[in-house]
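Here is the structure we will look at, set down as structure tokens.
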Amino acid sequence: MLDLIGPFFRSLYDRTGWNFNIFYDPYEYGRFIAGASTTLWLIAWSLALSLVIGVLGAWAQGARSRTLRWGVDAYIQAFRNTPPMIQLLFFYLGLGAFTPEIDMGGYSQPLISSLAWAVIALGIFGGAFNVEIFRAGIEAVPDSTLEAAESLCFSRFQTYLYITLPLAFRISLPALTNNLVSLAKTTSLAYIITVPEMTYVLNQVWSDNLNTSEMMLVLFGFYIVVVTLLAAGLHAVERRLVLPGYGQ
């Protein structure tokens with residue numbers, strides 16, 4: 001890759017002073033690729049965890065146990081009404097202080113890394129919104145459909161898993177897409193707990209090379225590409241799974 005684009009960006013730096021050294025310096029390029037990989041990994045796992053929490057939380061909201069329903073409502077209020085940055089600090093610095101450490105032979109390393117805490121915190125944050133999104137989708141499933149499942153002797157769990165959830169997912173896709181795209185952008189806050197994602201890595205690059213403007217352009221462009229591709233993929237799924245008569 002550097003053999004293809006390196007000469008151009010090196011020439012650009014010599015002619016104009018614009019220093020995009022991550023595209024011609026092997027060391028900085030390695031840092032850039034590592035940061036990009038970490039960011040994509042963080043986005044993927046945070047979105048996945050938020051979806052799992054959303055599905056389970058929406059199911060729990062319809063549980064017969066009042067305690068379980070109150071617990072889910074308390075979780076939603078707590079994590080929807082506090083800033084994601086504060087939640088990241090709470091998990092990493094607050095709960096992280098009580099997690100065990102592993103002896104690595106001369107030094108200790110936390111059992112849960114900053115990256116894992118970021119996935120947990122962001123997944124829980126996004127999941128609080130997804131619970132409400134799935135709940136709205138579940139409530140939009142026609143009663144006649146649920147009555148038909150009951151007449152076929154489906155259990156409550158079978159009805160939810162095979163009928164209610166698939167229909168609710170398709171109904172909820174427009175709102176779900178917006179929340180997942182928003183959560184993907186929120187992952188950039190993980191730099192505050194030293195997760196070596198793109199923002200953190202490029203901050204190190206511009207601190208070492210005094211090329212802040214150039215790296216900010218790269219950072220801005222990187223998120224434009226990643227979030228645009230994610231949104232396009234989710235919209236494609238939304239169009240493919242659209243239910244006739246809903247949102248038309």
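Throughout, residue positions are numbered sequentially from 1 according to the sequence presented.
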Query raised in the report: Honestly curious: do L229 and L40 fall in one hydrophobic cluster under the side-chain, below-4.5 Å linking rule?
Result: no
**Report entry** Min side-chain heavy-atom separation R31-D208 under 4.5 Å
**Finding:** yes
Query raised in the report: Roughly how far, to the nearest 0.5 Å, is the CD atom of E28 from the CD1 atom of I33?
Result: 12.5 Å
**Report entry** Single-linkage hydrophobic cluster, 4.5 Å side-chain cutoff, L217 and L210 together
**Finding:** no
Query raised in the report: Does a side-chain heavy-atom distance below 4.5 Å link N178 with P174?
Result: no
Query raised in the report: Where is the tightest heavy-atom contact between L189 and P84, given as atom of each residue plus distance?
Result: CD1-CG, 3.9 Å
Query raised in the report: Would you say V225 and V218 are hydrophobically clustered, going by side-chain heavy atoms of ILVMFWY under 4.5 Å?
Result: no
Query raised in the report: Short question: side chain of N81, backbone of Q77 - any donor-acceptor pair under 3.5 Å?
Result: yes
Report task. Just do the side-chain contact (heavy atoms from CB on, under 4.5 Å) check on L183 and I43 with the steps written out, would you? Result -> CA-CA 8 Å; L183 181 58; I43 290 174; over 6 Å; no
Query - Heavy-atom closest pair, residues T82 and F125 - result: O-CE1, 4.3 Å
**Report entry** Path from F129 to L56 over hydrophobic side-chain contacts below 4.5 Å
**Finding:** no
**Report entry** Side chain to side chain, I120 and I124, heavy atoms closer than 4.5 Å
**Finding:** yes
Report task. Would you sort out whether L180 and L51 count as a side-chain contact (heavy atoms from CB on, under 4.5 Å), showing the intermediate values? Result -> CA-CA 9 Å; L180 293 181; L51 287 172; 4.2 Å; yes
**Report entry** Side-chain touch Y75/V131, heavy atoms, less than 4.5 angstrom
**Finding:** yes
Query - Euclidean distance, L173 CG relative to E238 CD, rounded to 0.5 Å - result: 6.0 Å
Report summary line: Of all heavy-atom pairs linking G137 and S172, the shortest is CA-OG, 3.3 Å
Requested in this report: Could you tell me the separation between the CD1 atom of I86 and the CZ atom of F79, rounded to the nearest 0.5 Å?
Outcome: 12.5 Å
Requested in this report: Work out which heavy atom in R69 is nearest to a heavy atom in Q61; give both atom names and the distance.
Outcome: CD-O, 3.2 Å
Query raised in the report: How many angstroms lie between atom CD1 of I192 and atom CG of L89, to the nearest 0.5 angstrom?
Result: 4.0 Å
Query - Pair F20 + Y24: ring centers closer than 6.0 Å - result: no
Requested in this report: Kindly work out whether a path of hydrophobic side-chain contacts (I/L/V/M/F/W/Y, heavy atoms less than 4.5 Å apart) joins V52 to V72.
Outcome: no
Report task. Please report the C-alpha distance between I193 and L93 in whole Å, then the side-chain angles of each, then the deciding distance to 0.1 Å, and finally whether the side-chain contact (heavy atoms from CB on, under 4.5 Å) criterion is met. Result -> CA-CA 8 Å; I193 59 172; L93 298 177; 5.7 Å; no
Query raised in the report: Mind checking whether V237 and L241 have side chains closer than 4.5 Å, heavy atoms only?
Result: yes
Query raised in the report: Can you check whether L165 reaches W59 side chain to side chain, under 4.5 Å on heavy atoms?
Result: no
Query raised in the report: Between Y200 and Y191, does the ring centre distance come in under 6.0 Å?
Result: no
Requested in this report: Check A190 against A118 and note the closest heavy-atom contact, atom names and distance.
Outcome: CB-CB, 4.0 Å
Query raised in the report: Any donor and acceptor pair, going by atom type alone, linking the side chain of N203 with main-chain N or O of T199 inside 3.5 Å?
Result: no
**Report entry** Distance in Å, L202 CG paired with N211 CG, rounded so as to fall on 0.5 Å steps
**Finding:** 9.0 Å
**Report entry** Passing option when F32 is tested against F9, W206, F23, Y27 for ring-ring contact (aromatic ring centres under 6.0 Å, His included)
**Finding:** F23
Report task. Kindly say whether N179 contributes a backbone atom to a donor-acceptor pair with the side chain of S182 at under 3.5 angstrom? Result -> no
**Report entry** T39 vs F222 side-chain heavy atoms within contact, under 4.5 Å
**Finding:** yes
Report task. For the pair S50 (side chain) and L47 (backbone), establish whether a donor and an acceptor sit closer than 3.5 Å, ignoring hydrogens and angles. Result -> yes
Report task. For atom CZ of R15, decide whether the heavy atoms of other residues, nucleotides or ligands shown that lie under 6.0 angstrom number more than 12. Result -> yes
Report task. Flag the pair I171 / I138 as yes when at least one side-chain heavy-atom distance between them is below 4.5 Å, and no otherwise. Result -> no
Requested in this report: Could you give me the CA-CA distance, side-chain angles and deciding distance for N19 and M215, then say whether side-chain contact (heavy atoms from CB on, under 4.5 Å) is met?
Outcome: CA-CA 9 Å; N19 187 11; M215 293 304 99; over 6 Å; no
Query raised in the report: About how many Å separate CG of L161 and CZ of F154, when rounded to the nearest 0.5 Å?
Result: 10.0 Å
Query raised in the report: Looking only at heavy atoms, what is the nearest atom pair of V195 and S114, with distance?
Result: CG2-O, 3.4 Å
Report task. Please answer whether the main-chain N or O of G96 pairs with a side-chain N or O of T99 as donor and acceptor at a distance below 3.5 Å. Result -> yes
